[in-house]
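Encoded as structure tokens, the structure appears first; notes follow it.
Just so you know, ligand 1 is whichever comes first in the structure, and atom 1 is the first atom listed for that ligand.
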Amino acid sequence: MNSEIEKLKNVVNNSNNIVFFGGAGVSTESGIPDFRSADGLYQNNPETILSHSFFIENPDIFFEFYKKNLIFTSAKPNTAHNVLAQMEKDKKLKGIITQNIDALHQKAGSENVFELHGSIAKNHCMKCGKFYSLDDFLKIETMVPLCSCGGIIKPDVVLYEEELDYDVINGAVNLLKKADVLIVGGTSLMVNPAASLINYFDGSYLALINMTPTPYDSRADIIIREKIGETFSKIY
Ligand code: ZN
């Protein structure tokens with residue numbers, strides 16, 4: 001076994017205060033592509049379409065893009081999601097902080113999950129506040145989903161130009177401050193402010209699992225350049 005993986009396995013074995021921080025790479029092994037790869041197929045780039053002002057001005061184009069490129073109803077949790085859920089059940093993992101919006105951690109059975117960029121699983125009417133599950137949201141046949149009151153139903157996903165949710169940030173920061181081991185996976189840690197949250201971690205071991213280098217590599221105690229699912233199958 002790769003010696004860095006061996007090292008992480010020992011660290012995981014000896015701690016019951018682990019936190020996981022994940023990004024898009026965690027979900028690619030479940031068949032969810034990075035929405036940025038949809039670039040080129042559209043007149044506007046994905047980050048423009050997924051901005052608050054574009055959503056307000058062109059809800060039809062926004063929802064066409066959103067439904068096609070951000071919702072994958074058949075996606076299933078992979079080994080990384082499943083192992084993390086088991087680690088939480090075994091009282092070793094305190095929680096998960098994710099940049100993903102696909103709700104696959106909850107599908108795998110994880111409970112303490114902080115979704116920095118929101119979730120496709122929750123939607124609310126902008127006018128009356130009524131809640132819609134993903135199923136209810138998808139049942140609405142018009143391109144722009146309308147509530148029974150006539151308001152637009154907006155996914156609880158943080159769009160560009162929008163602020164991250166205060167309670168979610170607060171929860172994530174508390175988790176990081178108290179953690180003994182932080183495993184970061186499937187993210188190049190380039191998207192702020194999410195990535196900068198890592199700075200709140202002050203525990204014993206920082207492990208990074210990513211195929212490419214990150215700005216935090218120099219601070220890491222363990223660096224693993226392997227696929228995340230495979231790595232998790234070996235460490236726990
Ligand atoms: Zn409504």
Side-chain angles (χ1 to χ4, degrees), residues 22-24 26-27 30-39 41-77 81 85 95-175 191-194 197:
V26 177
S27 293
S30 289
I32 295 182
D34 191 334
F35 66 80
R36 292 173 195 89
S37 63
D39 209 358
L41 302 172
Y42 293 83
Q43 212 173 352
N44 299 95
N45 74 52
E47 296 187 12
T48 303
I49 298 175
L50 295 173
S51 69
H52 182 81
S53 50
F54 192 91
F55 165 73
I56 297 297
E57 284 156 27
N58 310 278
D60 46 343
I61 302 173
F62 169 88
F63 277 111
E64 189 190 359
F65 182 92
Y66 176 80
K67 289 176 191 173
K68 200 169 161 192
N69 296 289
L70 280 86
I71 295 181
F72 296 88
T73 46
S74 57
K76 289 185 179 64
H81 297 107
I96 292 170
I97 302 161
T98 181
Q99 294 170 283
N100 300 336
I101 58 168
D102 50 47
L104 286 179
H105 285 296
Q106 289 90 338
K107 246 189 197 175
S110 289
E111 284 175 14
N112 199 26
V113 183
F114 294 90
E115 296 165 303
L116 299 175
H117 296 150
S119 171
I120 61 165
K122 298 173 207 155
N123 308 271
H124 286 92
C125 169
M126 294 175 77
K127 208 168 152 190
C128 74
K130 185 178 172 191
F131 173 81
Y132 288 81
S133 68
L134 180 58
D135 280 350
D136 294 338
F137 173 87
L138 292 173
K139 268 183 209 146
I140 298 166
E141 284 171 7
T142 50
M143 185 53 81
V144 177
L146 297 177
C147 176
S148 44
C149 82
I152 292 179
I153 302 165
K154 185 176 185 287
D156 285 11
V157 164
V158 180
L159 301 179
Y160 288 92
E161 304 165 353
E162 290 179 348
E163 306 245 325
L164 304 192
D165 184 272
Y166 177 79
D167 290 335
V168 175
I169 292 280
N170 212 20
V173 166
N174 279 332
L175 204 57
V191 180
N192 283 318
L197 288 179

(request) Applying side-chain contact (heavy atoms from CB on, under 4.5 Å) between V113 and each of T98, N100, L104, I97, report the one that passes. (result) T98
(message) Quick check against the 3.5 Å criterion: does K107 have a side-chain atom that pairs as donor or acceptor with the backbone of D102?
(response) no
(message) If you count heavy atoms of other groups shown closer than 6.0 angstrom to NZ of K122, is the number above 12?
(response) no
(message) For Q99, is there any backbone N or O sitting under 3.5 Å from a side-chain donor or acceptor partner on H117?
(response) yes
(message) Can a donor-acceptor pair be found, under 3.5 Å and without considering hydrogens, that links the side chain of N170 to the backbone of Y166?
(response) no
(request) Have a look around the Zn ion (ligand 1) and list protein N/O/S atoms under 2.8 Å, or say none. (result) C125 SG, C128 SG, C147 SG, C149 SG
(request) Could you tell me whether a side-chain N or O of N123 sits under 3.5 Å from a main-chain N or O of Y132, the two making a donor and an acceptor? (result) yes
